Amino acid sequence: MVVEGPVEVVTEDGTVAVSRRFAVAVCTCRRSAAYPWCDTSHRARPPRSRGRGEDRGR
């Protein structure tokens with residue numbers, strides 16, 4: 001999620017993360033090594049199985 005800055009995010013443990021940038025991407029999937037900021041780690045994860053037959057011959 002991209003939001004206009006500056007931004008302060010309070011994490012579950014009470015830590016306050018601050019970004020003074022004009023826009024910042026906030027991680028919503030929790031895969032980021034830079035959480036709460038998005039570092040696009042979600043792109044490296046393999047696609048989920050579609051279940052029931054996987055690709056079905058595609």
Side-chain angles (χ1 to χ4, degrees):
M1 170 175 47
V2 177
V3 294
E4 291 182 11
V7 177
E8 289 186 7
V9 175
V10 180
T11 62
E12 290 177 0
D13 67 0
T15 303
V16 178
V18 178
S19 173
R20 301 280 181 229
R21 297 179 64 184
F22 68 92
V24 65
V26 178
C27 177
T28 59
C29 70
R30 296 184 179 253
R31 296 180 194 150
S32 175
Y35 187 81
W37 314 123
C38 179
D39 67 359
T40 68
S41 293
H42 58 272
R43 293 180 184 171
R45 188 161 192 171
R48 292 184 186 172
S49 169
R50 297 171 82 172
R52 295 185 291 151
E54 292 290 314
D55 289 306
R56 296 186 182 216
R58 290 183 207 158

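Since we're looking at a predicted model, the values are computed, not measured. The figures that follow rest on heavy atoms only: side chains count, while hydrogens, waters and symmetry mates do not.
Identified under the side-chain hydrogen bond (donor to acceptor under 3.5 Å, both in side chains) test for residues 5-17, with sequence neighbours left out: T11-D13, E12-R30, D13-T15.
Nearest heavy-atom pair, R31 versus S41, reported as atom, atom and distance to 0.1 Å: O-CB, 3.3 Å. Of all non-hydrogen atoms in P6 and R20, the two that sit nearest each other are CB-CA, 3.9 Å.
For S32, the side chain to side chain donor-acceptor pair (under 3.5 Å) partners are D39, not counting sequence neighbours. For V3, the side chain to side chain contact (heavy atoms under 4.5 Å, CB included) test picks out M1, V7, V24, V26, with sequence neighbours left out.
Summarising the geometry, atom SG belonging to C38 is positioned 7.5 Å from atom CZ belonging to R43; distances are rounded to the nearest 0.5 Å.
V18 shares a hydrophobic cluster with V10, V16; the chain of contacts runs through ILVMFWY side chains whose heavy atoms sit under 4.5 Å apart.
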